[in-house]
Amino acid sequence: MDFVVHTNLTPLPTIHVVSDSVGLTAQSLARAAAAQFGVTNPCIEVLPKVRKFDEVKRFLEDHMQLHRELKGSPRILVCYTIVDKELRTRLAEFAASEPDIIAIDLMTQVIDAISDLSGLEPSSKPGGLHVADQNYFRRIEAIEFTIAHDDGRNPQDLTQADIVLLGVSRSSKTPTSIYLSQQGYKVANVPLDPHTEPPREIYDVDPTHLFGLMTTPEVLVGIRARRLGNAVGVASSYADPTYVYEDLESARALMRRLGAIVVHTENRAVEETAQEILRYYERLHPAPTGIVD
């Protein structure tokens, strides 16, 4: 089997993903697990859309041999998401017979638990998570809307957004917007600056759709200084503590006037900020019956 060798520059083992779909679920879980060890970009080798056990066997044997040659040990870590029962069983049996394979089944226990509690039988169709249903198209529409309304663009559409984020420069508006859009929410974000008036349309937005992103001056100074890098002397006021404090206080005052819900972002991952926003939003705007994410 021919495959591309990716150099692993992290202290963690290479994670081998095997899937009868595209492997996105396993890759996401692998990255989340690696992040607990301070590694945000682990080395991942993927074997997607497998249909025959021989493909899996060759993939694993080739990588074991590669590890033996490069590292002196054939031990490998395998994470698999396979819904085809026969293929999944054969992989599990093969892994159990090979002491140098550490294999983790990421799907079976969840599928079996749902089946047991619901009394329903799983479809056993690979890639069910990525079926192009109405929710898929809703997410695509949300992502397109969010990109078109990033950084204050197209303010005339602010009232059409599910969520409007307000915040000063470098307060995580864009990454939070993109993350929320991937969950199916149309998001617009508006930059705030003490010397620039916000778009007048912001006053027409229902306050329950407005969220202000806030951080501390110390954290923001550090983020802006790193952003400027060697240019810090050219635009020193951008990361100056006095200016940053004024920037935040002006933003806080506007958020208060607008009735926006304030969410703090310091020492938080984007996902954590987004989840807090959604806790407020979904309590104020429950999904209609029949809408399933």
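- Using the six-membered ring where Trp is involved, H63 and F59 have ring planes that are tilted, between 30° and 60° apart.
- Formation of a donor-acceptor pair under 3.5 Å by the N154 side chain with backbone atoms of Q156 is not found in this model.
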Report the C-alpha separation of T108 and R88 in whole Å, then their side-chain angles, then the decisive distance to 0.1 Å, and conclude whether the side chain to side chain donor-acceptor pair (under 3.5 Å) test is met. CA-CA 9 Å; T108 303; R88 185 173 68 239; 2.9 Å; yes
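- Using a 4.5 Å heavy-atom threshold, the side chains of F211 and E276 count as separate.
- Considering only heavy atoms from C-beta on, S169 comes within 4.5 Å of Y238 through its side chain.
- Follow the hydrophobic side-chain contacts under 4.5 Å out from L87 and you reach V78 in the same cluster.
- H209 places a side-chain N or O within donor-acceptor distance of the main-chain N or O of D162, the cut-off being under 3.5 Å.
- Of all heavy-atom pairs spanning P207 and G259, the tightest one is CB-O, 3.7 Å.
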Show your working on side chain to side chain donor-acceptor pair (under 3.5 Å) between D150 and N189 and close with a plain yes or no. CA-CA 5 Å; D150 181 43; N189 74 72; 2.6 Å; yes
For the pair E61 and Q65, evaluate side chain to side chain donor-acceptor pair (under 3.5 Å) and give the outcome as yes or no after the intermediate values. CA-CA 6 Å; E61 288 178 339; Q65 179 60 31; over 6 Å; no
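- No donor-acceptor pair under 3.5 Å is formed between the side chain of S115 and the backbone N or O of D112.
- The shortest distance between side-chain heavy atoms of L165 and I277 falls below 4.5 Å.
- Here CD1 of I261 is found 11.0 Å from CG of L166. Values are rounded to the nearest 0.5 Å.
- Considering all non-hydrogen atoms of both residues, T176 and V270 come closest at CA-CG1, 3.7 Å.
- D240 places a side-chain N or O within 3.5 Å of a backbone atom of Y243 that can act as its donor or acceptor partner.
- With hydrogens and angles ignored, the 3.5 Å screen pairs a side-chain donor or acceptor of S19 with a backbone N or O of S21.
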Set out, in order, the CA-CA distance, both residues' side-chain angles and the distance that settles salt bridge (Lys or Arg N to Asp or Glu O under 4.0 Å) for E141 and R138, then state yes or no. CA-CA 5 Å; E141 183 182 2; R138 180 165 61 89; over 6 Å; no
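- Counting non-hydrogen atoms of neighbouring residues, nucleotides and ligands closer than 6.0 angstrom, the CZ atom of F53 exceeds 12 such neighbours.
- Residues L77 and T14 are not in side-chain contact: their nearest non-hydrogen atoms beyond the backbone lie 4.5 Å or more apart.
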Please test T215 against R170 for side-chain contact (heavy atoms from CB on, under 4.5 Å), starting from the C-alpha separation and ending with a verdict. CA-CA 10 Å; T215 185; R170 314 312 300 177; over 6 Å; no
Please test R224 against D247 for salt bridge (Lys or Arg N to Asp or Glu O under 4.0 Å), starting from the C-alpha separation and ending with a verdict. CA-CA 12 Å; R224 289 185 175 182; D247 206 355; 2.8 Å; yes
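- When atom types are taken as modelled, the side chain of S97 and the backbone of F94 share a donor-acceptor pair closer than 3.5 angstrom.
- One hydrophobic cluster, built from ILVMFWY side chains closer than 4.5 Å, cannot hold both V190 and L213; they sit in different ones.
- Of the possible donor and acceptor atoms, none in the side chain of H285 sits under 3.5 Å from a partner among the backbone N and O of Y281.
- Nearest heavy atoms, A26 versus T81: CB-CG2, 3.9 Å.
- Under a hydrophobic clustering in which Ile, Leu, Val, Met, Phe, Trp and Tyr are joined whenever their side-chain heavy atoms come within less than 4.5 Å, directly or via other members, L192 and L258 fall into the same cluster.
- The closest side-chain heavy-atom distance from I147 to I178 is below 4.5 Å.
- Clustering ILVMFWY residues whenever any of their side-chain heavy atoms sit less than 4.5 angstrom apart, transitively, puts Y203 in the very cluster that holds V164.
- Scanning all heavy atoms of the two residues, the minimum distance from A260 to G212 falls at CB-N, 4.1 Å.
- Proximity of a side-chain donor or acceptor of E246 to a complementary backbone N or O of T242 within less than 3.5 Å is not detected.
- Taking the six-membered ring for Trp and the full ring otherwise, the centers of Y80 and H16 sit at least 6.0 Å from each other.
- For the pair T216 (side chain) and V219 (backbone), a donor-acceptor distance under 3.5 Å is present.
- Residues Q27 and V46 form a side-chain contact, since some pair of their non-hydrogen atoms from C-beta on lies under 4.5 Å apart.
- With hydrogens and angles disregarded, a donor-acceptor distance shorter than 3.5 Å links the side chain of D20 to the backbone of V83.
- Residues M214 and S171 form no side-chain contact, since every pair of their non-hydrogen atoms from C-beta on lies 4.5 Å or further apart.
- Counting non-hydrogen atoms of other residues, nucleotides and ligands closer than 6.0 Å to CZ of R75 gives a total of 12 or fewer.
- In this structure, the side chains of L248 and V168 come closer than 4.5 Å at one or more pairs of heavy atoms.
- When hydrophobic clusters are built by joining Ile, Leu, Val, Met, Phe, Trp and Tyr residues whose side-chain heavy atoms come closer than 4.5 Å, directly or via intermediates, L47 is grouped together with I82.
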Would you sort out whether E218 and Y245 count as a side chain to side chain donor-acceptor pair (under 3.5 Å), showing the intermediate values? CA-CA 9 Å; E218 295 79 13; Y245 180 82; over 6 Å; no
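- For the residue pair A30 and P42, the shortest heavy atom distance occurs at O-CG, 4.5 Å.
- Within a 6.0 Å sphere centred on CG of D116, heavy atoms belonging to other residues, nucleotides or ligands number more than 12.
- The local environment of CD in E86 is sparse, with at most 12 non-hydrogen atoms from other residues, nucleotides or ligands closer than 6.0 Å.
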